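Encoded as structure tokens, the structure appears first; notes follow it.
Any value given below was found using the heavy atoms of this structure, including those in side chains, with hydrogens, waters and symmetry copies removed. Keep in mind that this is a model prediction, so the values were computed, not measured.
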Amino acid sequence: MARRDPRPAHPTPNPLVTTDPDGSQGSATGGAFDPWRYRDDSAVTGVDLAGYRVEASDGGIGKVDQASHDVNSSYLVVDTDPWFFGRKVMLPAGTVNHVDHDERKVHVDRSKDQIKAAPEFDETADTDPAYRDKLGGYYGDTYSAIPPGTAR
């Protein structure tokens, strides 16, 4: 009987490490998670993601209502109806693992429970530095809750 390789065929990239064109690894943000910047390999550049389905690490959570591509200030607003009964959530761009344009799906590397427990989205506070710090800090802290060596 053949043994199954425990490593995933397409592992999720580490958001704290990037690979430079020469193949060497470097840090996107000096070793810190940058919640407000899409990962270089997420396939988001220049694409309007509104209407794309959003997949958490453990299943679908809704559709992208709005997507920002502002430099160092990017995020998704996701309409979670009916999953959160019409509640909207803001996901910082750094949580986007990859985008499947053929399937029109955005894959994020957080679980439904992590997203549900995030600070509540306030449409009037999306540009408020205190709200952004709180939300970015929450999603940055959720990386420490993921055991090393597991898919993100």
Side-chain angles (χ1 to χ4, degrees), residues 4-19 27-29 32-152:
R4 191 184 133 176
D5 186 348
R7 294 170 296 178
H10 302 285
T12 302
N14 183 337
L16 303 179
V17 177
T18 59
T19 303
S27 173
T29 58
F33 171 67
D34 183 355
W36 305 108
R37 190 175 131 217
Y38 290 106
R39 298 174 199 172
D40 293 340
D41 57 356
S42 63
V44 175
T45 306
V47 177
D48 181 11
L49 300 174
Y52 278 50
R53 307 255 345 125
V54 179
E55 293 287 322
S57 61
D58 55 353
I61 63 164
K63 286 187 177 182
V64 175
D65 186 52
Q66 173 186 349
S68 163
H69 293 280
D70 297 339
V71 175
N72 297 323
S73 185
S74 301
Y75 60 87
L76 300 175
V77 174
V78 180
D79 184 352
T80 62
D81 188 42
W83 186 59
F84 280 160
F85 305 105
R87 178 178 163 207
K88 290 185 180 181
V89 296
M90 179 185 275
L91 297 175
T95 63
V96 175
N97 184 22
H98 68 278
V99 177
D100 182 336
H101 296 289
D102 294 333
E103 296 283 329
R104 294 183 49 86
K105 287 185 181 178
V106 176
H107 295 266
V108 297
D109 62 1
R110 298 301 195 278
S111 70
K112 290 178 180 181
D113 286 340
Q114 288 173 316
I115 295 167
K116 191 173 187 176
E120 188 168 341
F121 175 59
D122 180 351
E123 292 186 43
T124 63
D126 68 333
T127 58
D128 176 33
Y131 172 73
R132 293 175 62 81
D133 286 347
K134 181 178 180 181
L135 189 64
Y138 170 79
Y139 281 105
D141 289 346
T142 59
Y143 272 111
S144 64
I146 300 171
T150 61
R152 293 180 190 247

**Study point:** Worked verdict on Lys134 versus Asp122 for salt bridge (Lys or Arg N to Asp or Glu O under 4.0 Å)
**Key:** CA-CA 12 Å; Lys134 181 178 180 181; Asp122 180 351; over 6 Å; no
Can you measure from [atom1] ([X]) to [atom2] ([Y]) and round to the nearest 0.5 angstrom?
{"X": "Glu55", "Y": "Glu103", "atom1": "CD", "atom2": "CD", "answer": "9.5 Å"}
{"X": "Tyr75", "Y": "Asp70", "atom1": "OH", "atom2": "CG", "answer": "7.0 Å"}
{"X": "His101", "Y": "Tyr52", "atom1": "NE2", "atom2": "OH", "answer": "5.0 Å"}
{"X": "Gln66", "Y": "Leu49", "atom1": "CD", "atom2": "CG", "answer": "11.5 Å"}
{"X": "Ile61", "Y": "Arg53", "atom1": "CD1", "atom2": "CZ", "answer": "9.5 Å"}
{"X": "Ser57", "Y": "Lys112", "atom1": "OG", "atom2": "NZ", "answer": "9.5 Å"}

Any idea which heavy atoms bring [X] and [Y] closest together, and the distance?
{"X": "Arg87", "Y": "Ile115", "answer": "NH2-O, 4.5 Å"}
{"X": "Val44", "Y": "Val96", "answer": "CG2-CG1, 4.2 Å"}
{"X": "Asp65", "Y": "Lys88", "answer": "OD2-NZ, 2.8 Å"}
{"X": "Ser73", "Y": "Ser68", "answer": "O-OG, 3.4 Å"}
{"X": "Asn97", "Y": "Arg39", "answer": "OD1-NH1, 3.5 Å"}
{"X": "Tyr38", "Y": "His69", "answer": "CE1-ND1, 3.6 Å"}

Subject >> Evaluation steps, side-chain contact (heavy atoms from CB on, under 4.5 Å), between Leu76 and Val106 >> reply: CA-CA 10 Å; Leu76 300 175; Val106 176; 3.8 Å; yes
Fit a plane to each ring of Tyr131 and Phe121, take the angle between them on a 0 to 90° scale, and name the class: parallel (under 30°), tilted (30 to 60°) or perpendicular (over 60°). tilted
Does a side-chain heavy-atom distance below 4.5 Å link [X] with [Y]?
{"X": "Asp34", "Y": "Asn72", "result": "yes"}
{"X": "Pro35", "Y": "Leu135", "result": "no"}
{"X": "Val64", "Y": "Val77", "result": "no"}

(Q) Determine whether a donor-acceptor pair (N or O, by modelled atom type, separation under 3.5 Å) exists between the side chain of Tyr139 and the backbone of Ala118. (A)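 No; judged by distance alone, with no hydrogens or angles, the pair does not exist.
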